[in-house]
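If you're wondering where the values come from, they're calculated on a predicted model, not measured in any experiment.
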Amino acid sequence: SADCVLSNESVLFTCFRTSSPKRRQKTRKEQKERKWEEERSTDGSKWRFLEHKGPVFAPLYEPMPDKVKFYYDGKPMKLSAPAEEVATFFAKMLDHEYTTKDIFRKNFFKDWRKEMTSEEKTKITDLNKCNFSEMNEYFKAQSEARKQMSKEEKQKIKEENERLLQEYGFCLMDNHKERIGNFRIEPPGLFRGRGDHPKMGMLKRRIRPEDIIINCSKDSKHPKPPPGTKWKEVRHDNKVTWLASWTENIQGSIKYIMLNPSSRIKGEKDWQKYETARRLKKCVDRIRTQYRDDWKSKEMRIRQRAVALYFIDKLALRAGNEKEEGETADTVGCCSLRVEHIKLYPKMDEQEYVVEFDFLGKDSIRYYNKIPVEKRVFKNLQLFLENKQPEDDLFDRLNTSILNKHLQELMDGLTAKVFRTYNASITLQQQLKELASDDSLPAKILSYNRANRAVAILCNHQRAPPKTFEKSMQNLQTKIDEKQNQLSAARKQLKAAKADHKASHDDKSKKAVELKRKAIQRIEEQLMKLQVQATDREENKQIALGTSKLNYLDPRISVAWCKKWDVPIEKIYNKTQREKFAWAIDMAEKDYEF
DNA sequence: ATTGAGACTTGATGGGAGGGGC
DNA sequence: GCCCCTCCCATCAAGTCTCAAT
C-alpha cells in the first residue's frame, strides 16, 4: 500500500510523461492535444495568462404591448415597468403546477410587491385577484410564432448566436484558446427549487455589470463593461479557475463563469479524480478490513464512522453534509441520515438483518433500498437507534468533516466521494468483462449500456419516465411486428422462388433466389436491431445513464473497451463527450486497466 | 469544534435541432 | 420532402470539500 501515500501531484506528472509513447505517431492530434503534456506549476497556481471578453448579459426587459392587459379584481390595470416584468415571470409559468403551490405563491407575491410603486402596493393586496391570463396567452402566441418562423429568420438567429459564441464563448488561457462553459449570465426569473423548497417562487434578480467580479491576468486585455457601466471589481487571482463571478440573491451563494469540460484545466482535474480513485483501488481491501474491525470498537464515534463508511462504500451513498434548516429542501446523505430514514428487519422473507432505506437525497430524488447487512452492522444500527426520536440523527457522533478527516489519514486525497467514483468505475470494468462477447455491433452496444446501467442503478441516477415512453414503446413494438410480418412474407417468397428455380433451372430464377436470400438477411438484421433497441429502452425507463457516464466512469475504461472490441468510439461518446474525454481517448490503449 | 465563504463537481430537466423512416 | 422522435445541450440548482476565522 505504499502506492496509497503517493500524492496526486506526483502520480499526475508520472502519467503525463510515461502514459502513451504511441502518441508520437499521431500527426494531426499531436498538434491539437499538446496541452495534456505541458508542465504544471506546483505552487497551486492554475494559470499564468488569462484573457477573455467578460460575460454576456441577459437581454433587457421588453414591455408588454398595450393591448395585453393585466387585470386586478376584474379591472384592467397598467403596471409600472418593474412590476410588469416580475408579473410576466409569473404569467409565463401559469400552466405549471408550481404556481398553484402555496409557498410558491406566497414567496412570489412578497417579492413582487417589493418591485411595485406605492400606488400599486396599495391596490394589489391579493394574488388571487390577479389575472395574468392575457399575458400568458401572449407568451404562448410568441413561442408559437417563433416555431412558425421562416427558415431565413431562424438562420439569422442562429448566426447571431454563433457570432456571440465566437466573440464571448472563448478565452485565452496560457497558450490555448479554450471554450467557456457558461458565458451567458442567468436571466432574471422566479426561483424554482427542486422538491419541497422553502424559497420556491422568490424573485431571482437581474444581474448587472456592477455585480460582476472579473478575473483575468494583469497583462491581458481586460474585458470592457457595457457602455455606461462598471464592473464590481477586476482581480487577477491565478489560484482559481473562474473568469467571472457574482453573488446570487436566493441563497446568497456565489456563481461562476468557468471553462468548458473540454478545457485543459477541467480535463486535468477530471483525470486526477480518476487517478485518486485508482489509488483507492490499491488500498480498498485494507480500508475495508479496518472499518469491519471498527464495528467492534468500544468507542461509539468510531463504530458510527465505520458503519457510515460501510454504507458509503457498499451503497455508494453521498457524504451528506449538514444543511441550514429552512434554507433548502430537506434532503440527506449518509452522515445526515435520520432515524426516520431507516427501518430494521431482523427477518424479512428469506433474508436476515435487512435494512430498509427510504429518504430524499440530492435533488430530492428518493433513495429506496432494502439490503441485508452483516449481523454486526445490524446490531450497531440497533444501538445507534436506542432512545432516539424519528427526527434525530442516526449518526449523532459523526459528520462529513470527521469522516473525511479520517479518510484522509487512510489515504492521501481520500474523501467520501472517491468511493462513488471508485465503485462506479470498477463496476463498469467488471461488467464489461462479464458481458464481453463477439456479438454484432448493436449487441455490443447493448452490453455496454447494460454495464453503464448497472452503475447508474448503483448511484441511484433516476429519471422521470419520459412522457412519451408508453407511446414510443408501442410504436417500436408495432415496428417489430411489421418487421416480423415482412420476414415471414419474405420467407414465403424465397420458398416460391426456390420452387420456381427448381422448375425452370434458368439463370434468372437463380438470381431471384439469391436476391430473396439477401432480402431475408437484411430483414433479419433490421429485426434484431429493433429488438435490441426495445430491450435497451425498456430497461432504461427510469434510469438516467448520462450522469454516471459523464462524472463517474473513468473514460479510459470505455476507450479501451472500444479498442478491444473494435467498436467505434462515436458509438459510445457523442461529439461533446469526445471533447470532454479527449485526454482519455488520447491516452488509453486497449489493455488499459482501471 | 463550529461556522461560513468560496470553489468546484454533480444533477435532473426541457426545448429544440437535426437525423432517420416513410 | 415531411414529420416524428430522439438525443443533444444549455440551464441552473444542489451537492462536496477546503480553508480560514472565531
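Counting heavy atoms from C-beta on, the side chains of A/N161 and A/K158 never come closer than 4.5 Å. Under the 4.5 Å side-chain criterion, counting only non-hydrogen atoms from C-beta, A/S245 is in contact with A/Y256. No side-chain heavy atom of A/T241 sits less than 4.5 Å from a side-chain heavy atom of A/L259.
Against DNA chain C, the stretch residues 419-426 of chain A makes no heavy-atom approach under 4.0 Å. Listed by residue number, the members of residues 50-62 of chain A with any heavy atom below 4.0 angstrom from DNA chain C form an empty set.
Atoms CG (A/L403) and P (C/dT16) sit 11 Å apart, rounded to a whole Å. For the pair A/K541 NZ and B/dA12 P, the interatomic distance rounds to 18 Å; values are reported in whole Å. In this structure, A/Y573 places its OH atom 16 Å from C1' of C/dC8, rounding to the nearest Å. In this structure, the NZ atom of A/K266 is 12 Å from the P atom of B/dA7, given to the nearest Å. Per the geometry, CD belonging to A/E322 stands 12 Å off C1' belonging to C/dT16, to the nearest Å. Put simply, CG on A/N404 is 5 Å from P on C/dC17, counting in whole angstrom units. Distance CD (A/Q272) to P (B/dC8): 12 Å, rounded to an integer number of Å. Rounded to a whole Å, the CG atom of A/L317 is 17 Å from the P atom of B/dT10.
A sub-4.0 Å separation between OP1 or OP2 of B/dC8 and a side-chain N or O of A/K46 is present. Remark: A/K158 is in phosphate contact with B/dG18, judged by side-chain N or O atoms under 4.0 Å from OP1 or OP2. Taking 4.0 angstrom as the limit, A/K575 places none of its side-chain polar atoms (N or O) nearer than this to OP1 or OP2 of C/dC7. An OP1 or OP2 oxygen of C/dC8 is reached within less than 4.0 angstrom by a side-chain nitrogen or oxygen of A/N574.
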Using atom names, set out every protein N or O paired with an N or O of nucleotides 13-15 of chain C below 3.5 Å, distance rounded to 0.1 Å.
residue	atom	partner	partner atom	Å
C/dA13	OP1	A/K204	NZ	3.2
C/dA13	OP2	A/K255	NZ	2.8
C/dA14	OP1	A/R194	N	2.8
C/dA14	OP1	A/H197	ND1	3.3
C/dA14	O4'	A/D363	OD1	3.4
C/dG15	OP1	A/T331	OG1	3.0
C/dG15	OP1	A/D363	N	3.0
C/dG15	OP2	A/K323	NZ	2.8

So which protein nitrogen or oxygen atoms get under 3.5 Å of nucleotides 4-6 of chain B's nitrogens or oxygens?
none

Are there any protein N/O atoms within less than 3.5 Å of an N/O atom in nucleotides 19-22 of chain C, and if so, which ones and at what distance?
none

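Taking A/Y448 as the reference, A/W561 meet the ring pair (Phe, Tyr, Trp, His ring centres under 6.0 Å) condition, with sequence neighbours excluded. A/Y573 pairs by the ring pair (Phe, Tyr, Trp, His ring centres under 6.0 Å) definition with A/F581, not counting sequence neighbours. Residues satisfying the ring pair (Phe, Tyr, Trp, His ring centres under 6.0 Å) test with A/Y552, not counting sequence neighbours, are A/H461. Residues satisfying the side chain to side chain contact (heavy atoms under 4.5 Å, CB included) test with A/R301, not counting sequence neighbours, are A/E299, A/R305, A/R397. Listed by chain and residue number, nothing satisfies the salt bridge (charged side-chain N to carboxylate O under 4.0 Å, His left out) test with A/D392 (two or more places apart in sequence, or in another chain). With sequence neighbours left out, A/I365 forms a side chain to side chain contact (heavy atoms under 4.5 Å, CB included) with A/D363, A/N460, A/Q462.
Expressed to the nearest 0.5 Å, how far CG of A/L403 lies from OG1 of A/T415 amounts to 9.0 Å.
At most 12 non-hydrogen atoms from other residues, nucleotides or ligands lie less than 6.0 angstrom from CD of A/E325.
Ion pair A/E159/A/R163 not flagged as a salt bridge, since none of the NZ, NE, NH1 or NH2 atoms sits closer than 4.0 Å to an Asp/Glu carboxylate oxygen.
Side-chain proximity of A/T576 to C/dC8, C/dT16, C/dA10: nearest is C/dC8. The nucleotide whose nearest atom lies closest to any side-chain atom of A/M258 is, among B/dC8, B/dT10, C/dT18, B/dC8.
For the residue pair A/S548 and A/N452, a side-chain donor N or O sits within less than 3.5 Å of a side-chain acceptor on the partner.
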Problem set entry | salt bridge (Lys or Arg N to Asp or Glu O under 4.0 Å) assessment of A/R556 paired with A/D554 | CA-CA 5 Å; A/R556 290 169 294 184; A/D554 183 344; 3.0 Å; yes
For this session: Please report the C-alpha distance between A/N238 and A/R48 in whole Å, then the side-chain angles of each, then the deciding distance to 0.1 Å, and finally whether the side chain to side chain contact (heavy atoms under 4.5 Å, CB included) criterion is met.
Result: CA-CA 7 Å; A/N238 77 350; A/R48 296 178 307 281; 5.7 Å; no
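Across all strands shown, A/A544 has no heavy atoms under 4.0 Å from either base or sugar-phosphate atoms. Note on A/K273: only backbone sugar-phosphate atoms sit closer than 4.0 angstrom, heavy atoms only; bases stay farther off. At the heavy-atom level, A/T241 lies under 4.0 Å from the strands shown only through sugar-phosphate atoms.
The aromatic rings of A/F108 and A/F90 lie parallel to each other, their planes meeting at an angle below 30°, with 60° marking the opposite boundary.
Remark on DNA chain B: of its neighbouring residues A/K269 and A/K405, the 5'-side contact belongs to A/K405, judged by nearest-heavy-atom nucleotide.
Applying the salt bridge (Lys or Arg N to Asp or Glu O under 4.0 Å) definition to pairs two or more places apart or across chains, those involving residues 180-189 of chain A are A/E186-A/K204, A/E186-A/K255.
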